[in-house]
Colleague: 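Questions regarding the structure given below will be posed in turn.
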Amino acid sequence: MYLREQPLEVFKRYIQEGINSNEAGGILLGHVRGEHLEIIEATEPSFWDRRCRFLFERMPYFHHKLAMKRWKESKGLVRYVGEWHTHPQNYPAPSSIDLTEWQILAADRRDARPLLALIVGCKGLHVEYMFSTGKRCILAPFDAPIEPV
Ligand SMILES: [Zn+2]
């Protein structure tokens, strides 16, 4: 998996540091070429999303409207590939709620591909594929340069 500059910039902007920061998240848009996945864009929290320190409740309408727009603009090359959100942990681990939600989202995918699920921690990223069956495939520790800007 490869992350372009735009998603990295977005993740840096929302790293949860300090006691007053809230969870943030959005969807991931990318190119799929065989086994290779390139993340091109991460959507930012919208006005309608509820942001709390330990909870990010997504209002899917805005995010999915954007995914459809990019898909049309790129003639089907750029598509919805998964979800991202932040955790107030250095090296984040998914909660049981995250896992349940990811499995539901994976089952919803029309192209039957696994969902790419990404958590942005203060010092590292957690990245995994979630299949609709609940099978998980955690990608090796991902050393993205996400030090706060
Ligand atoms: Zn979470």
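Every number for a ligand or one of its atoms is a count from 1 in the order of the listing. Keep in mind that this is a model prediction, so the values were computed, not measured.
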Colleague: Is it true that Leu8 and Met1 fall in one hydrophobic cluster, defined by side-chain heavy atoms closer than 4.5 Å?
Modeller: yes
Colleague: Ring centroid separation for His126 and Tyr91, is it under 6.0 angstrom?
Modeller: no
Colleague: Give me the protein N, O or S atoms that fall under 2.8 Å of the Zn ion (ligand 1), sorted by chain and residue number.
Modeller: His85 NE2, His87 NE2, Asp98 OD1, Asp98 OD2
Colleague: When you check the side-chain N and O atoms of Thr86 and Glu23, is any donor under 3.5 Å from an acceptor?
Modeller: no
Colleague: For Glu73, give me all partners under side-chain contact (heavy atoms from CB on, under 4.5 Å), at least two apart in sequence or on another chain.
Modeller: Lys69, Arg70
Colleague: Verify the cluster assignment for Trp71 and Leu28: are they in a single hydrophobic cluster under the rule of side-chain heavy atoms below 4.5 Å apart?
Modeller: no
Colleague: Assess whether a salt bridge exists between Glu41 and Arg4, defined as any Lys/Arg side-chain N lying under 4.0 Å from an Asp/Glu carboxylate O.
Modeller: no
